[in-house]
Amino acid sequence: MNNIPNKTFNEQVYEIVSSIPKGYVMTYKQIANKLNCRAYRAVGNALNKNPHPISKVPCHRVIKTNLELGGYAWDIMRKVELLEAEGITFKKIGYDPSKWIVKR
DNA sequence: CCGTTGACTCTTT
DNA sequence: AAAAGAGCCAACG
């Protein structure tokens, strides 16, 4: 996909992610879908290399399509705590935080 | 029904 | 130029 008007793919990703309301989460697929792409992978990668501070681009509000947490470049527990602080809760199943499910 | 494998997509290193 | 990366889905056993 190269119909990107002036902004790079990853800038578009940041814009969408930064527009996620507090207390709400969005999936990688939804973000990719909004860009008319299927590059869910690229979305995750953009957030991984994200050059912006977390306060500007809340990557912790981005989860997998099956509502699992997915990964996180810094501490996964950080993601959990931030989301809980926004009123989001999880089903803490197992010992792997990336597999915890977001309650909706 | 479940777990594993492969194909897809896009950016960055 | 090639491979990896915070994923998703379909197909196969």
Side-chain angles (χ1 to χ4, degrees):
Chain A
M1 294 307 225
N2 269 331
N3 295 337
I4 304 174
N6 224 352
K7 284 174 185 146
T8 60
F9 182 90
N10 107 14
E11 284 293 321
Q12 300 283 343
V13 171
Y14 302 141
E15 189 169 334
I16 292 177
V17 173
S18 63
S19 71
I20 302 177
K22 172 178 171 291
Y24 195 72
V25 292
M26 190 165 282
T27 66
Y28 293 101
K29 189 177 185 181
Q30 286 297 312
I31 293 168
N33 188 35
K34 268 185 167 52
L35 296 174
N36 288 329
C37 293
R38 302 154 195 71
Y40 342 96
R41 234 354 176 113
V43 174
N45 199 7
L47 293 174
N48 184 7
K49 309 275 164 51
N50 130 37
H52 299 292
I54 186 169
S55 30
K56 192 172 161 86
V57 180
C59 12
H60 58 274
R61 290 188 193 144
V62 183
I63 58 174
K64 301 212 305 185
T65 303
N66 58 302
L67 301 184
E68 289 180 0
L69 285 186
Y72 204 65
W74 300 338
D75 298 310
I76 183 67
M77 291 310 282
R78 183 83 167 137
K79 188 173 185 175
V80 174
E81 289 178 25
L82 285 167
L83 287 171
E84 284 184 329
E86 293 182 355
I88 298 170
T89 50
F90 313 94
K91 245 179 160 183
K92 300 177 182 175
I93 302 177
Y95 306 94
D96 189 351
S98 40
K99 287 184 184 160
W100 291 353
I101 315 271
V102 174
K103 258 205 249 166
R104 39 163 285 156

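Since this is a predicted model, take the numbers as computed values, not measurements. Numbered from 1 within each chain, the chains take letters A, B, ... in sequence-line order. Hydrogens, waters and symmetry mates are skipped; everything else that's a heavy atom, side chains included, is used.
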Interatomic distance where [atom1] belongs to [X] and [atom2] belongs to [N] [whole Å]:
X: Phe9(A); N: dC10(B); atom1: CZ; atom2: C1'; answer: 6 Å
X: Asn45(A); N: dC8(B); atom1: CG; atom2: P; answer: 19 Å
X: Leu35(A); N: dG7(C); atom1: CG; atom2: P; answer: 17 Å
X: Arg41(A); N: dT12(B); atom1: CZ; atom2: C1'; answer: 13 Å
X: Asn48(A); N: dC10(B); atom1: CG; atom2: P; answer: 19 Å
X: Asn66(A); N: dA10(C); atom1: CG; atom2: C1'; answer: 15 Å
X: Tyr14(A); N: dA6(C); atom1: OH; atom2: P; answer: 13 Å
X: Gln12(A); N: dT9(B); atom1: CD; atom2: P; answer: 20 Å

Q | Base-pairing mate for dT9(B) - Watson-Crick or G-U, with both contacts under 3.5 Å | A | none
Q.
For a 4.5 angstrom cut-off between non-hydrogen side-chain atoms, does Arg61(A) reach Lys22(A)?
A.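 They are in side-chain contact.
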Q: Using the closest heavy atom to pick a nucleotide of DNA chain B for each, name whichever of Lys49(A) or Tyr40(A) lands nearer the 5' end.
A: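 So the residue in question is Tyr40(A).
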Q. Think Asn10(A) has a side-chain N or O under 4.0 angstrom from the OP1 or OP2 of dT12(B)?
A.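 For dT12(B), OP1/OP2 do have a side-chain N/O of Asn10(A) under 4.0 Å.
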Q: Verify the contact: side-chain N or O of Lys29(A) to OP1 or OP2 of dT9(B), cut-off strictly under 4.0 Å; return yes or no.
A: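 Checking Lys29(A) against dT9(B): no side-chain N or O falls below 4.0 Å of OP1 or OP2.
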Q: Identify which nucleotide among dG5(C), dA6(C), dC10(B) has an atom closest to any side-chain atom of Leu47(A), counting heavy atoms from C-beta outward.
A: dA6(C)
Q | Selection from dC9(C), dA6(C), dT12(B) that lies nearest to any side-chain heavy atom of Tyr28(A) | A | dA6(C)
